[in-house]
Amino acid sequence: MNASVSKEALDARDRPARLTVGVVGAGRVGPALAASLQLAGHRPVAVSGVSDASVRRAAALLPDVPLVTPAEVLARAELVLLTVPDDALPGLVEGLAETGAVRPGQLLVHTSGRYGTKVLDPALRAGALPLALHPAMTFTGSSVDVQRLAGCSFGVTAPEELRLAAEALVIEMGGEPEWIAEESRPLYHAALALGANHLVTLVAQSMELLREAGVGAPDRMLGPLLGAALDNALRSGDAALTGPVARGDAGTVSAHIRELRAHAPQTVAGYLAMARATADRALDHGLLKPELAEDLLGVLSDSNAANGTNGTHGPGGSGPGEKR
């Protein structure tokens, strides 16, 4: 065997066919996925983007790849990543199909968590091969995103005949495919938004309140605490619940509500909603004693919470576990 081609030829036979890749929508996701596919041997050939930020992202992650119109992206690429906001996706697909931009045999991949492959039906009727590959990851729009794809789960929906292709693409990007049924996509996406998107809001609010309380480095204070809480929650679920709500410390929760109403009233509604949800879960799992739950739920009720007071408890602290 010719030594100059043996290893390369064997590698090529072991991998799926290399594809030309296009990106429609150079937001935070598309260029990162295309750059990851490039590392796997595929060839980005075109990208579309409108805003200045999109142009900068494309230039940083996909240097020398031309910026063209969406129709031109489809004309140049065998694999097209549709990485536009969820609400824009149906109209984009319909428009591309109606204008004849979609080519038979073209792999059309969207990255929306909300949708499965049904949203690509107009392109399917034009002969495209539909895939839904949603990376369960938050993106920054920088090169660090490519590294974060290693080990990242992808919510994958695909026709039976394309499951192997979908799996291969995800694995090539360093990800792990998780198969999601078409009808389960909205619930799947809601679960991720609840955990990741709302987490950012909660952490940002917590840092603001710590600054208000005089803490000079709230990020340094929260880092170890939140890291441990996340690790415990992933390992143990509801058994990891701690704090005054799970313990039934109604007086402490009442004091929290009064302080939040005085210093950050915009956080009260969120605190109450999460405290009620925490109380319900703590009760269901036997962590919150029923005899303590009545006063706690009274504090969290709309009528008492409006005044931030509770008739039977003062603002006193709880036991030694308060700051866990």
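Predicted, not measured: the structure shown is a model, and the values here were computed from it.
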- Please tell me if the side chains of Leu108 and Pro130 come closer than 4.5 Å, counting only heavy atoms from C-beta onward. no
- Message: For residues Met274 and Leu225: do they belong to one hydrophobic cluster (side chain heavy atoms under 4.5 Å, members Ile, Leu, Val, Met, Phe, Trp, Tyr)?
- Response: no
- Item | Intermediate values then yes/no, side chain to side chain contact (heavy atoms under 4.5 Å, CB included), Val21 and Gln38 | CA-CA 8 Å; Val21 178; Gln38 186 173 36; over 6 Å; no
- Item | Test side chain to side chain contact (heavy atoms under 4.5 Å, CB included) applied to Asp238 and Asp284, step by step | CA-CA 9 Å; Asp238 289 298; Asp284 288 344; over 6 Å; no
- Can you name the closest pair of heavy atoms from Ala32 and Asp145 and give their distance? CB-CB, 3.8 Å
- Does Ser36 reach the main-chain N or O of Leu33 with its side chain, forming a donor-acceptor pair under 3.5 Å? no
- Heavy-atom distance under 4.5 Å between the side chains of Asp295 and Val299, does that happen here? no
- Query: Taking C-beta and beyond as the side chain, do Thr20 and Arg76 meet within less than 4.5 Å on heavy atoms?
  - Reply: no
- Message: Measuring from atom CG of Leu192 to atom CG of Leu187, what distance do you get when rounded to the nearest 0.5 angstrom?
- Response: 10.0 Å
- Donor-acceptor contact present, side-chain Arg148 to main-chain Phe139, <3.5 Å: no
- Query: Would you call Asp86 and Arg114 a salt bridge, using N to O less than 4.0 angstrom?
  - Reply: no
- Item | Distance, nearest 0.5 Å, that separates CZ of Arg185 from NE2 of His134 | 7.5 Å
- Query: Between Phe154 and Leu149, is any pair of side-chain heavy atoms under 4.5 Å apart?
  - Reply: yes
- Are side-chain heavy atoms of Val23 and Pro44 found at a separation under 4.5 Å? no
- So, do Leu19 and Leu37 sit near enough that their side-chain heavy atoms are less than 4.5 Å apart? no
- Task: Check the side chains of His110 and Tyr115 for a donor-acceptor pair under 3.5 angstrom, ignoring hydrogens and angles.
- Result: no
- Intermediate values then yes/no, side chain to side chain contact (heavy atoms under 4.5 Å, CB included), Glu167 and Trp179: CA-CA 9 Å; Glu167 185 177 58; Trp179 301 100; 4.1 Å; yes
- Message: If you define the side chain from C-beta out and look only at heavy atoms, does anything of Met207 sit under 4.5 Å from Leu222?
- Response: yes
- Do Met221 and Leu210 have side chains that get closer than 4.5 Å, going by heavy atoms? yes
- Task: Calculate, to the nearest 0.5 Å, the distance between atoms CG and CD belonging to Leu89 and Glu94 respectively.
- Result: 10.0 Å
